[in-house]
Amino acid sequence: MADIFTYRRTALAASYCDALEGRGILDATSGLFLAAPRRTGKSTFLREDMVPEMRARGWQTLYVDLWSDRSRDPAELIIAVVRDTLAQLDGPVLKAAKSVGLDKLNVLGALSLDLSKIGQPGGATLSDALERLHAKSGKPLVLLVDEAQHALSTEAGTRAMFALKAARDRLNQGRAVRGLHLVMTGSNRDKLTHLVLRRSEPFYGAGVTRFPLLDRGFVEAYAEWLKPQFADGKAFSADTLERAFTLVGRRPEMLKRVVGEAVADWGGAQALDALIERNAQLIQHRAWQEFASTYNALPDAQKAVLDAIARLSPDYTPFAEAALSAYQAVVGKPLNNSAIQGALDALRDKELIWRAGRGDYAFEDDGLRAWYLEQHPQPQLLGT
């Protein structure tokens, strides 16, 4: 049985950790914000490359995926990982306390923490909990928040982001060794930008870095891994795999699916490469068809609002003059505020757009925005 295919990007992980420490060309001392489309390898990179590198440097790592349970408030997920890490470090002390019905612990004699009330009225703040966690572990902390932009979808989540900023400032300022590093990823650059864009946002002044998609090295390593699995020694063409990888948006899971479907349909060695490329094109075509069908079914007002968001993001503001002009360019007449708000609500219900807690909007799926702008390079008056 073949080993599981793995592809490591250790050099990239090391460069990001250097940036967090302020020792790299990229300065990420305010936080590292990485944006890339979904299913392109961000989460795998965090877990399999970044976390091992961080632990090798002696950092205490905390990882949370804000999409892991969308029924829970993002703030709850962030607080839970901090609370659970505190509980793990307390170990036998916590067990003994709970055995007699106590949830409170004296952390280094400095603060009595009720673990069940972190972030709640009357309880320790998230910033307090992180400071105590740093003292308890005796190590620099690093909090990795996957799909971080989802925090802005709720008021509690937004407050949690401000609490993380406060904790970062308290644990880093005036210290030779930083006490808290923050890494946040997002599947939509426009969404992630809402964390850093304005003075009113929690991480104003930090930058969003485009996370590099998997390159030719990944394709060649995958081709080499595939070779010995065929008795006749049929070599997979790295060039064909590269073209297929591009067609499926450089998403490794989709490439593996394409290869699997091609092998299942394989009628002979000579047909294999052609089948791989054909299957990739079919997947891409199905995705575009779904986008086109969704868009064509929208009422005119929703099409106009979607058009404005596509062209004006990340500076789209629903009722600003630029947006009103954009709507009129599509429908040929002004849209009143009620129609605009109704269109926004309907597009959110259809999960086509996303609203940050403070009223900013962005496409839910970068792929839909890319398809739309490709098909509509200029706004076209509906009905013409």
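- Using a 4.5 Å heavy-atom threshold, the side chains of Arg178 and Pro140 count as separate.
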Side-chain donor-acceptor pairs under 3.5 Å in residues 203-213, sequence neighbours left out?
none

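- Checked for salt-bridge contact, Lys136 and Glu131 miss the test: no charged N lies under 4.0 Å from a carboxylate O.
- The shortest heavy-atom contact between Ala339 and Asn336 is N-OD1, 2.7 Å.
- Ion pairing of Lys165 with Asp169 is present here, as a side-chain N (NZ or NE/NH1/NH2) and a carboxylate O approach within less than 4.0 Å.
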**OP:** For His181 and Cys17, run side chain to side chain contact (heavy atoms under 4.5 Å, CB included): C-alpha distance rounded to whole Å, both residues' side-chain angles, the deciding distance at 0.1 Å, then the answer.
**Re:** CA-CA 9 Å; His181 302 294; Cys17 288; over 6 Å; no
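- Below 30°, between 30° and 60°, or above 60°: for Phe291 and Trp371 the angle between ring planes is between 30° and 60°, a tilted geometry.
- Under the 3.5 Å distance criterion, the side-chain polar atoms of His376 are matched with a main-chain donor or acceptor of Tyr372.
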Subject >> Verdict with reasoning, Tyr327 to Phe319, per ring-ring contact (aromatic ring centres under 6.0 Å, His included) >> reply: CA-CA 10 Å; Tyr327 307 147; Phe319 306 103; 8.1 Å; no
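- With no hydrogens or angles considered, no side-chain donor-acceptor pair links Gln88 and Asp84 at under 3.5 Å.
- Inter-residue side-chain proximity for Leu306 and Leu298 is flagged as met; some heavy-atom pair is nearer than 4.5 Å.
- Using a cutoff of 4.0 Å between basic side-chain nitrogens and carboxylate oxygens, Glu53 and Arg57 are scored as salt-bridged.
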Original post:
Going through the distances and angles, do Tyr222 and Phe245 end up as a ring-ring contact (aromatic ring centres under 6.0 Å, His included)?
Top reply: CA-CA 11 Å; Tyr222 186 45; Phe245 200 32; 8.7 Å; no
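- Here Lys227 pairs with Glu224 in a salt bridge; the nearest charged N to carboxylate O distance falls below 4.0 Å.
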